[in-house]
Each structure stands twice: as structure tokens, then as C-alpha cells.
Protein chains: 2
Amino acid sequence: MAERVTIGDLAQRLGLSKASVSYALNGRPGVSAQTRARVLALARELQWYPSSSARVLSGARTGVVGLVLSRDPELLGTEPYYMLVLSGIESALIDADYGLLLRMVGSEPGRDLAVYERWAGEGRVDGVMLFDQRRDDPRIPLVRHLGLPAVLNGAAEPGSALRAVVPDEHGDANQVVEHLAGLGHRRVAYLSGPSGLLHEERRDLLVRAAAARTGMVVETVEGDYTMGTAERLVTERLRRGPGPTAWVASNDVMALGAVRAAVREGVDVPGRVSVVSWDDSLLCEIGAPPVTALDRHPRDFGRRCAQALLAEIAGDPGDDAVPPPSVLRVRASTGPARP
Amino acid sequence: MAERVTIGDLAQRLGLSKASVSYALNGRPGVSAQTRARVLALARELQWYPSSSARVLSGARTGVVGLVLSRDPELLGTEPYYMLVLSGIESALIDADYGLLLRMVGSEPGRDLAVYERWAGEGRVDGVMLFDQRRDDPRIPLVRHLGLPAVLNGAAEPGSALRAVVPDEHGDANQVVEHLAGLGHRRVAYLSGPSGLLHEERRDLLVRAAAARTGMVVETVEGDYTMGTAERLVTERLRRGPGPTAWVASNDVMALGAVRAAVREGVDVPGRVSVVSWDDSLLCEIGAPPVTALDRHPRDFGRRCAQALLAEIAGDPGDDAVPPPSVLRVRASTGPARP
DNA sequence: CTGAAAGCGCTTACAG
DNA sequence: CTGAAAGCGCTTACAG
């Protein structure tokens with residue numbers, strides 16, 4: 001068991017005051033270059049590390065940001081999206097020498113609020129990233145009240161006054177709709193995630209707006225991001241016929257569910273029904289048929305979220321960040337609408 | 001910006017000493033039931049939270065455990081395994097009111113060591129979970145030297161003296177081999193992950209031992225857990241023929257790569273070649289054909305790892321944990337060996 | 001049952 | 001350029 005080496009130990013060994021050692025270690029004026037070198041050498045030799053709690057207690061930042069994921073853990077395991085976002089976040093944090101405190105609380109709404117409150121109260125994090133924004137999201141007033149720096153992913157509701165990383169959902173919807181319109185589709189179904197999520201409402205709206213411009217009719221079916229539910233819903237809709245000739249699913253897992261439903265019902269993809277996923281992933285690549293999908297660059301998105309939060313923490317002014325345009329990866333699941 | 005409420009504020013408002021307030025808050029003897037109630041009520045009213053840095057500085061635990069993931073981020077995004085393990089870890093930590101500090105460092109060996117050193121030196125975590133054990137793993141002497149509580153996932157090397165969560169790899173290998181033997185396969189290829197990983201070496205050995213008992217011949221091909229490499233290696237081997245009639249891939253992504261290689265080469269699965277994955281996931285379910293896979297209960301495994309670490313931190317004696325037996329999910333990718 | 005005091009390991013004005 | 005001292009918010013013997 002290694003005994004902790006403290007600044008006091010260094011001071012004693014070198015015959016200096018703790019203050020001088022502290023100044024030397026932190027690169028502040030007040031010590032000669034020579035003294036500084038001696039201090040740094042000994043610190044290195046004894047493998048001294050500053051106690052983070054002592055530092056934080058005297059006013060320093062924690063060097064940690066928090067992320068609460070409020071989705072069903074089972075879902076988090078199946079959707080590659082979040083792991084990619086996480087790795088993007090990490091890549092930015094590593095550069096800034098920051099750590100990530102991660103919490104998964106399940107999908108019951110409100111369970112996350114207590115976590116932010118505690119993190120702020122206990123002084124555990126310098127800021128948080130807010131994912132999966134909801135209508136009238138209670139986290140927005142909460143972090144404001146707590147004085148906790150935060151970044152929203154996705155456009156902020158008017159008046160939220162939080163920094164945000166805003167994907168070009170308008171462009172995303174246009175790409176998807178134009179691809180389908182170009183193939184002659186006139187009736188499309190949007191298989192959404194849970195309706196409380198703001199980005200779902202926006203996507204639905206934007207798909208409808210883009211569709212309206214091309215004279216396309218849209219119906220929305222509310223899913224829950226799981227394959228099972230998607231499969232059931234799409235099956236029901238197919239049986240009810242006459243249905244849309246194309247399905248746009250809000251994530252990759254549901255897109256696969258849609259394909260599966262069609263295949264089971266003997267409906268050829270893309271012969272009679274086309275399927276597009278709003279998220280790209282390995283799942284889409286290996287699907288049978290492989291699924292046309294929107295690559296929204298999740299790693300890059302995560303990276304920008306973290307960078308925006310770090311800027312916020314540092315007090316840097318800055319506009320909302322805008323990730324690079326998504327790319328539609330056209331695969332075999334989309335084809336001409338049946339005449 | 002909420003000003004921090006301290007124990008001193010509570011004491012002042014109540015006309016008590018800070019000590020009494022502290023005793024009351026921590027449920028220690030030394031205060032009357034009535035005083036305690038008054039303190040707790042005010043603390044709640046003012047939304048007081050203990051400063052974690054102050055607590056840690058006076059000797060308390062951090063309430064945080066660390067996990068360093070040393071795989072390529074791209075890979076972490078495609079393999080569902082780690083997210084499931086993560087969610088299992090979280091489920092145990094939530095019960096114990098612990099947080100998880102997560103770090104992804106990429107796959108260059110040794111980059112993780114500096115992280116453990118810093119975490120220990122800075123006093124950021126109470127312990128760490130060590131994944132992906134390697135031969136002569138330098139982390140084992142390191143955490144020992146640092147006095148950092150740790151838990152290994154996977155059987156410990158002799159002499160490591162660390163608590164471990166030990167999956168029944170012997171049983172796993174038997175299940176896979178027996179399934180294939182039962183289908184009449186006599187020549188099998190094991191598509192492994194990188195050879196430095198201890199569990200890969202063990203799997204290879206155990207597959208060979210199990211195979212030997214049934215008179216089966218095994219050849220090993222070293223992959224890197226990615227689909228691209230797996231596809232290339234399997235393609236090469238298929239072209240070289242005459243090859244094994246069954247492939248066992250060490251993860252789901254490589255299994256999918258093997259299937260894809262076979263399909264592209266016009267080799268029917270499972271007509272001419274069977275494929276088994278050592279990990280189950282949605283990828284295996286939706287493969288074409290769906291892939292027979294070993295469900296090793298990753299969430300449960302993660303949960304047990306975290307529980308073992310918490311026990312270690314608490315100083316509870318305890319044996320190595322053993323997860324429940326894996327279940328082989330037989331799907332369409334395995335069939336009788338071609339006569 | 002309660003209070004005054006020291007200590008955890010840092011940082012930071014303030015004197016010299 | 002250097003040192004003695006106070007302070008961050010807790011906990012914990014030690015007196016009363």
C-alpha cells in the first residue's frame with residue numbers, strides 16, 4: 001500500500017515552505033527557475049500527485065463531467081449509437097484531461113433529476129451533458145437553478161438559454177424524403193420513437209414538411225426504439241393495407257424490425273416496401289437486405305457535445321455547435337415504388 | 001447560481017456546533033433524537049448535500065469506481081458486448097450508491113497504466129475493474145503497488161492474488177464443441193481475437209481440449225475482433241480449401257464477417273460451412289442466416305464484476321464470483337457437416 | 001448529550 | 001523570491 005506523498009513531504013525534503021512547492025508545481029510566479037526544477041524533479045521521483053479532493057476543496061474544478069443516460073439498459077446494449085457517442089465524448093475529454101462520470105438510470109422519467117441534484121450538491125462534476133431532450137424538459141430549469149454548467153444535445157426549446165449542439169435535422173429530413181421521392185414513393189410511414197422526445201417531434205414535423213413539398217403523404221406510427229415493438233407495429237400496418245410504400249424508422253433497431261416484419265409477411269424489401277433508418281450502424285450493414293441509413297456521425301457528435309460543455313465550463317463564449325452534414329448511405333432496402 | 005449550503009450554515013441556524021450537526025447527519029451517537037430530527041429537517045429544507053471533496057479529504061471513500069476500456073473506440077461502438085456489461089456494472093453501482101468513472105484510451109498497450117496511476121495518486125476512485133486481461137499483465141503488479149482495490153474479469157493468472165469474476169470458459173468451450181461434434185463436424189477453425197489476450201489463449205486451449213476428446217481437428221486463425229479482418233481471413237482460408245466445415249468466432253462481429261465471407265464466396269451457410277459466435281447479440285439474431293451464439297449473460301457478468309469490486313473495497317472477504325452458465329442459442333448458421 | 005479544536009492536502013492573499 | 005497563516009467543508013477524538 002503506497003503511502004500518500006503530500007506537498008508537505010516535498011516541502012520538508014527540500015527545505016521549502018508548502019507555498020513555494022505549490023507555486024512551483026503549478027507553474028506560478030514566486031519561485032526561481034532553479035527551485036522549480038528541484039521541486040518538479042522530486043515530485044516526479046516520489047510520484048507525487050495532487051489530491052483531487054484537496055484541490056477541489058480549495059476551489060479548483062473537479063475535472064469531471066457527468067452524463068446520465070435515461071434509456072432502458074437493454075436498449076442501450078442493442079443500439080450502437082450511444083456507445084459511439086460515448087467514445088466521441090471520451091475523445092474530447094481525454095484531450096482536455098477530463099474524466100467522465102457515467103450513470104444509467106433506466107427510462108422512468110424523473111429518475112435522472114435526483115442525480116443532477118446530488119452531483120451538483122456534492123460538487124462531483126463541473127458540468128453535465130443533457131441527452132434526449134423532452135418537451136418542457138425539467139432538467140433545463142433544474143441545472144439553471146443548481147448553477148450547473150450544461151449542454152443540450154439537440155436544438156434548445158425557445159428560452160432555454162443553454163448552449164446546444166444542434167444537428168441539421170432539417171437537412172436530415174430532406175435527404176431522407178428526397179431519396180424516397182426520387183424513387184417515386186408517394187406514401188410514407190414514419191416509425192418514430194416515444195413521442196415525449198423533442199427530436200422525435202421535430203423529425204416528424206420536418207419529414208411532413210419535406211414530404212408536403214413533394215406531394216407525399218406521411219403517416220406516423222409511434223414505436224419505442226425496440227425491434228420487437230417495431231416488428232409488431234409494422235406487421236399490423238402491413239396487414240391492414242393498403243399501406244405506405246416506404247418506412248422511415250427513427251433508429252436502426254426499429255428499421256431492422258420493419259424489414260423483419262415485411263419479410264415475415266411475405267412483403268418483398270425493397271420490391272414492395274422500402275425501408276430507411278435514421279441511424280446507421282453495423283446492424284444496417286448486415287441486414288438482409290442491408291438497410292439504407294443516415295450516417296449522422298455519432299462519434300463526431302459526441303465529441304462536439306463534450307467540447308461545447310468544456311467551453312461552457314471554461315466560460316468561453318461560443319455559439320451552438322453544428323455537426324457536419326449527415327450522409328445517406330444508400331443500400332439495398334430502398335428501391336423504386338411499385339408502379 | 002445556488003450558493004453552497006454547508007454544515008456550518010446548518011449549525012449556525014440551529015444554534016449548534018458543527019460537530020453536533022455532523023453527528024446528527026451521519027446517524028452517529030452523540031445527539032438527542034430531537035436534535036437529530038431538527039438537523040435532518042433543516043438539511044432537507046435547505047437542500048444540503050455533503051461536499052464530496054471535503055468528505056474524501058477527511059478520510060471517506062470517494063464513492064466512485066473506475067473502468068478503463070482499452071479497445072479501439074470504433075470497435076466498442078460495433079460490439080454490443082461492452083455496453084451490456086456497462087449497464088450491468090451500473091445496475092450494481094446504483095444499488096450501492098456508487099458512481100462510475102469511465103475512460104476509453106484506445107488499444108495501444110500501456111496507455112491505460114498512466115490512468116490507474118493518476119486515479120490512485122489523485123484519490124479519485126476507490127477501486128478499478130480490470131478488463132481484457134493480458135499475459136503478464138502489467139496492471140496486476142501496478143494496482144498492487146498502488147494499493148488500489150481491483151477486480152479482474154476472467155480467471156487470474158496464478159499468483160495474481162486479485163479477486164476475480166471467472167466465467168466457466170471450460171463449460172463454454174464444451175458447449176460449442178459438443179454442438180458441432182453432434183452435427184458431425186470433424187474439422188473446425190477457431191477465429192480468435194488478438195493473441196495477447198489471456199481469455200483468447202484460454203479459449204483456444206479449451207476448444208482444442210474439448211475437440212480432442214471427440215477426435216475433432218482444430219486450426220486457429222488470429223483475428224482482431226473486426227468484421228473486415230474476419231471477412232478477409234475467412235475468405236483466404238475458404239479459397240485455400242479444403243477447409244474446416246465449421247468456424248467458431250470469438251465475438252459476434254467476426255462471426256458475421258465469417259458468414260459474409262462464406263456468402264460472398266458462394267459457400268452456403270450452414271450447408272457447407274457452419275458458424276458459431278462466442279458472443280450473442282442482436283447482430284447474431286438478425287444475421288442472414290441468424291447465427292448460433294453463446295449467450296454469456298454480459299449484463300449479469302458486469303453486475304457481478306461491480307459487486308465483487310464493491311466487496312473488495314468494503315474489505316469483505318469473498319471468493320471469486322462465478323457467473324451463471326452460458327446458454328447456446330442455436331440458430332440457422334449451424335447444421336450437419338456435409339457428408 | 002454538546003462544543004472547541006485539530007486535521008485531511010491543497011491554494012492563495014499577505015508579509016517579509 | 002520565500003514563508004507563516006488562513007481557509008475550503010467536512011470528520012473525529014477529546015473535554016466538558
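Each chain gets a letter, A, B and so on, in the order its sequence line appears, and its residues count up from 1.
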Novice: Give the residues of residues 7-17 of chain B touching DNA chain C, defined as any heavy atom closer than 4.0 Å, sorted by residue number.
Specialist: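 Those residues whose heavy atoms fall under 4.0 Å from DNA chain C, taken from residues 7-17 of chain B in numerical order, are G15(B), L16(B), S17(B).
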Novice: Tell me the partner of dG3(D), counting only Watson-Crick (N1-N3 plus N6-O4 or O6-N4) or G-U wobble (N1-O2 and O6-N3) with both under 3.5 Å; none if nothing fits.
Specialist: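 Across all strands, the one nucleotide that pairs with dG3(D) is dC14(C).
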Novice: Nearest 0.5 Å, please: how far is CG in D126(B) from CH2 in W119(B)?
Specialist: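 Here the interatomic distance stands at 12.0 Å.
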Novice: Does L152(B) reach the side chain of V165(B), with side-chain heavy atoms less than 4.5 Å apart?
Specialist: no
Novice: 5' to 3' on DNA chain D, which nucleotides open and close the contacts with chain A (atom under 4.0 Å from a heavy atom)?
Specialist: dC1(D) to dG9(D)
Novice: Give a yes-or-no answer on whether the side chains of R36(A) and Y23(A) include a donor-acceptor pair shorter than 3.5 Å.
Specialist: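 On atom types as modelled, these side chains do not qualify, holding no pair under 3.5 Å.
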Novice: Mind checking T35(A) for me? I need base, sugar-phosphate or nothing, with any heavy atom below 4.0 Å counting as a touch.
Specialist: sugar-phosphate
Novice: Given that P50(A) and S32(B) both sit by DNA chain C, which one's nearest nucleotide is further toward the 5' end?
Specialist: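 Nearest nucleotide further toward 5': that of S32(B).
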Novice: Toward the 5' end of DNA chain D, which comes first, A19(B) or S53(B), by nearest nucleotide?
Specialist: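 On the 5' side of the pair lies S53(B).
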Novice: Any base atoms under 4.0 Å from S22(A), or only sugar-phosphate, or nothing? Heavy atoms, all strands.
Specialist: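 Touches a base.
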Novice: Evaluate the ring planes of Y225(A) and H199(A), with Trp represented by its six-membered ring, and classify them as parallel (under 30°), tilted (30 to 60°) or perpendicular (over 60°).
Specialist: parallel
Novice: Do R139(A) and V68(A) have side-chain heavy atoms sitting under 4.5 Å apart?
Specialist: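 With C-beta onward as the side chain, the pair stays apart.
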Novice: What's the separation between atom CD in E122(B) and atom OH in Y49(A), rounded to the nearest 0.5 Å?
Specialist: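 One finds 8.0 Å between CD of E122(B) and OH of Y49(A).
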Novice: Rounded to the nearest 0.5 Å, what's the gap from CG on L84(B) to CG on D300(B)? Could you check?
Specialist: 11.5 Å
Novice: Let me confirm one number: the CG-CE distance from L75(A) to M104(A), rounded to the nearest 0.5 Å.
Specialist: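 If I round to the nearest 0.5 Å, the distance is 11.5 Å.
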